[in-house]
Structure formats: structure tokens, C-alpha cells
Amino acid sequence: MASFQLELVSPEKLLLSRKVEMAVIPAAEGEMGVLAGHAPMIVALRGGVISVREGGQVTEQLFVAGGFAEVAPDRVTILADEATPLASLSKSEAQSRLAEAEAAFSAAANETPEKREAAMTRLLSARAMVEAALAA
């Protein structure tokens, strides 16, 4: 099967840079599978899990809190706001982050639409983190 270069970059460091067969990314519009030769595009990411497939198997899974992905026929570059290997997610930290996000969302009830939307995005990302931590 054809492969492409996948790079995952967080603000702290380059987390992944290698040839892979497929990547499933949590695009804002829904889960998106990427194979070599994919049409070029730039997509926003929501909180969720990136699954990397090699040899027909999932070889790596990472939680991303959001960001962007640039897709080209021979390369995918993911710029993540935050990225953590699924095995390293802490259930207690995820629950704590969810509680903070719920409180921030409640507090934003009378704020501008932009602030409410940002609080909702943070809440949805925290919920995805809890789901990922429980599934790991």
C-alpha cells in the first residue's frame, strides 16, 4: 500500500514524523481518513484521537485538543494545540479538565457569542479527552 509522510507538531515539540499508510484525524466536520494521494486541503481539528495505521494495523493513537491539519497528496502536517499519546492520558486529569470547562461554559452564559463559542469548544475537547482516557 502507498504511504505518505505524517508529521504531528505540538507547541512543545515534534511528536511524530514518519511514513504511514493511513491516518484518521478528528476534523471539525467529523472523522477523516487520509491515504496517500488525498486531495489537498486544510481542515480544523476538534478534540479527539488521531489513529495511525501501518501494515493494516493501528500502530499509534494520540489525543489532540484541537488545531489544524494540512493535507497534501504526499504529506500531512498536523499542528495540534496540544497532543498526548493515548496511553499517557490521565483519567483524573481529564475529569478535572472537564469540570473546569463546564464551569467556564456556565460562566460564559452572558458573554459575547465568541466567548461562548470558545467555551463550548473547550468543553467539547474536554469531553473528548475523558472519552479517550476511559477507552485507553
Side chain to side chain contact (heavy atoms under 4.5 Å, CB included) evaluation trace for Arg97 with Arg122: CA-CA 9 Å; Arg97 188 177 291 196; Arg122 182 176 167 202; 5.7 Å; no
Audit row: Glu54, Arg18, salt bridge (Lys or Arg N to Asp or Glu O under 4.0 Å) steps and yes/no: CA-CA 11 Å; Glu54 297 167 293; Arg18 68 173 184 260; 3.1 Å; yes
Pairs meeting criterion side chain to side chain donor-acceptor pair (under 3.5 Å) with involvement of residues 124-136, two or more places apart: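 Listed once each, the pairs would be none.
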Pairs meeting criterion side chain to side chain donor-acceptor pair (under 3.5 Å) with involvement of residues 32-42, two or more places apart: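 Not a single pair qualifies under side chain to side chain donor-acceptor pair (under 3.5 Å).
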Minimum heavy-atom distance between [X] and [Y], given as atom pair plus value:
| X | Y | answer |
| --- | --- | --- |
| Pro11 | Ala80 | CD-O, 3.2 Å |
| Ala132 | Val49 | CB-CG2, 3.8 Å |
| Arg116 | Glu111 | NH1-O, 2.5 Å |
| Gly47 | Ala128 | O-CB, 3.4 Å |

Is it true that the side chains of [X] and [Y] contain a donor and an acceptor less than 3.5 Å apart?
| X | Y | value |
| --- | --- | --- |
| Ser10 | Glu12 | yes |
| Thr77 | Glu70 | no |
| Ser51 | Gln61 | yes |

Expected output: side-chain Ser96 to main-chain Ser92 donor-acceptor under 3.5 Å: no
Tell me, please, which residues at least two apart from [X] pass side chain to side chain contact (heavy atoms under 4.5 Å, CB included).
| X | result |
| --- | --- |
| Thr112 | Glu114, Lys115 |
| Arg53 | Met22, Val58 |
| Ser17 | Gln5, Glu7, Leu14 |

Measuring from atom [atom1] of [X] to atom [atom2] of [Y], what distance do you get when rounded to the nearest 0.5 angstrom?
| X | Y | atom1 | atom2 | value |
| --- | --- | --- | --- | --- |
| Phe63 | Thr84 | CZ | OG1 | 7.5 Å |
| Glu100 | Gln95 | CD | CD | 12.0 Å |
| Glu21 | Leu35 | CD | CG | 9.0 Å |

Connected-component partners of Val52 among ILVMFWY, side-chain separation under 4.5 Å: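 Members besides Val52, by chain and number: Phe4, Leu6, Leu8, Leu15, Leu16, Val20, Ile25, Met32, Val34, Met41, Val43, Leu45, Ile50, Leu62, Val64, Val71, Val76, Ile78.
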Side chains of Glu31 and Pro26 in contact at under 4.5 Å (non-hydrogen atoms): yes
Evaluation steps, side chain to side chain contact (heavy atoms under 4.5 Å, CB included), between Met129 and Leu98: CA-CA 8 Å; Met129 183 181 218; Leu98 177 58; over 6 Å; no
Pair Met120-Phe105, side chain to side chain contact (heavy atoms under 4.5 Å, CB included): steps then yes or no: CA-CA 6 Å; Met120 175 57 84; Phe105 181 69; 3.5 Å; yes
